[in-house]
Visitor: 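Handing you this structure, nothing more for now.
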There are 2 protein chains.
Amino acid sequence: MGEIDNFRNYLNQVISMDGHSFGLAKPYFQVEKIGKGDYLVTEGQKCNKIVYINKGLFRIFYLKDGVEINTCFCKDKSITSSFKSFINQVPSTEYIQALENSVVVSLSSENLSKLQNESPTWQTIRQLLTEKECLRLYDRATSLSFESALEKYKYLLNYHPEIIQRVSIQHIASYIGVSRETLSRIRSQIRD
Amino acid sequence: MGEIDNFRNYLNQVISMDGHSFGLAKPYFQVEKIGKGDYLVTEGQKCNKIVYINKGLFRIFYLKDGVEINTCFCKDKSITSSFKSFINQVPSTEYIQALENSVVVSLSSENLSKLQNESPTWQTIRQLLTEKECLRLYDRATSLSFESALEKYKYLLNYHPEIIQRVSIQHIASYIGVSRETLSRIRSQIRD
DNA sequence: TTCTTCAATTGACAATTGTCACAAAATTTA
DNA sequence: TAAATTTTGTGACAATTGTCAATTGAAGAA
């Protein structure tokens with residue numbers, strides 16, 4: 001059960017976790033393999049779970065006039081979900097797709113609620129994970145408000161270099177809101 | 001105590017509030033008047049409180065190379081804070097300034113923690129307020145990722161028309177990330 | 001390996017937006 | 001009220017970015 005141990009280690013970074021609280025949750029975890037290109041969540045489907053990524057990489061995107069707009073890259077040893085769907089209990093407007101062969105541990109909204117009732121630790125975990133997502137969105141909004149494409153790309157380079165290494169240019173371009181061509185030119189400019 | 005009753009009504013929309021839980025909190029509330037142009041939070045200062053705006057309007061901005069960048073407008077009958085500072089307990093990187101003469105009710109981080117320990121209702125309130133902030137940031141990131149200045153402005157017009165009525169053009173321009181001149185031209189274009 | 005397919009780059013040109021300068025309008029102050 | 005200050009609007013031009021088309025490069029399949 002290496003996946004679940006890793007999940008536990010991840011949670012321990014967020015809040016120091018007593019054995020009992022984690023033990024309560026073990027029967028609720030579900031380990032899944034998601035092949036490259038496959039979907040964890042699709043539009044119209046309720047996202048009733050939070051997902052710990054043990055291995056792999058995902059992107060979140062939505063369709064705007066038929067064009068895919070990337071809004072997030074989620075790498076291993078972190079948590080992903082379609083939070084808007086999860087929080088509001090409404091169908092997702094976005095897709096979560098594996099960019100690499102991945103292994104995840106998921107915990108359903110229903111089971112998380114049960115855990116929160118049984119143990120205050122899980123209530124705190126939920127609070128802290130929500131805060132983490134808040135901070136992530138704050139950073140994303142900040143970087144999107146940078147004026148030039150160059151600045152946006154440099155921000156990624158500084159703060160999320162792993163993303164640039166593992167994700168294709170076209171997806172990064174969509175993420176920072178410029179055309180692939182523009183991003184390509186920025187990169188060649190930076191190389192000099 | 002009209003301000004505090006209004007705050008209670010606001011919280012009731014978020015979670016139905018028993019009299020006891022709210023009663024616990026009453027001694028912790030602090031009512032303040034903030035004059036137009038004055039600051040609720042400034043850079044470098046820890047933002048150790050959440051603030052219910054009973055009357056008035058605020059903007060949140062940060063300085064980028066000496067230029068003010070607006071990131072949020074907070075109107076009456078809602079809650080504001082420098083959440084990044086509040087969550088991480090670090091000095092704020094942003095300013096919260098009153099755009100109109102305002103009256104607020106504030107609750108310190110310290111007292112909120114006390115309330116959370118005394119009553120699970122307040123723990124839930126904190127969770128729900130954090131989720132609300134998450135959804136707001138999600139929407140902001142979405143609107144910032146729209147390509148053209150026209151689209152960004154139309155998004156505001158559709159979803160936050162009150163902002164456009166109450167906030168000056170220069171501040172809105174900074175918020176959506178275009179120059180005042182461009183926004184001015186967009187407006188004259190829409191008038192036709 | 002070679003072929004096939006998809007991703008990334010580059011050029012040319014058009015569209016959008018920013019910058020600067022100044023005029024007009026609105027708001028504040030005396 | 002008039003004067004001063006701030007905000008908004010507009011023209012001219014430069015810089016940035018998008019779009020389309022063609023080329024180059026890289027990764028996977030036979």
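The shown structure was predicted, so the numbers you read here are calculated from the model rather than taken from an experiment. Basis for what follows: all heavy atoms, side chains included, without hydrogens, waters or symmetry-related copies.
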Visitor: Where do Leu144(A) and Tyr175(A) come nearest, in terms of heavy atoms and distance?
Guide: CD2-O, 4.1 Å
Visitor: Take nucleotides 5-20 of chain D nucleotide by nucleotide from the 5' end and write B, S or -, depending on whether a protein heavy atom sits under 4.0 Å from the base, only from the sugar-phosphate, or from neither.
Guide: --SBBBBB----SSBB
Visitor: Taking atom types as modelled, is there a side-chain donor on Thr130(B) or Thr130(A) under 3.5 Å from an acceptor on the other?
Guide: no
Visitor: Can you spot which of Lys36(A), Lys75(A), Lys55(A), Arg166(A) makes a side-chain hydrogen bond (donor to acceptor under 3.5 Å, both in side chains) with Glu100(A)?
Guide: Arg166(A)
Visitor: Are the side chain of Ser92(B) and the backbone N or O of Ser85(B) linked by a donor-acceptor pair below 3.5 Å?
Guide: no
Visitor: Over 60° means perpendicular and under 30° means parallel, so tell me whether Phe22(A) and Phe7(A) are parallel, tilted or perpendicular.
Guide: perpendicular
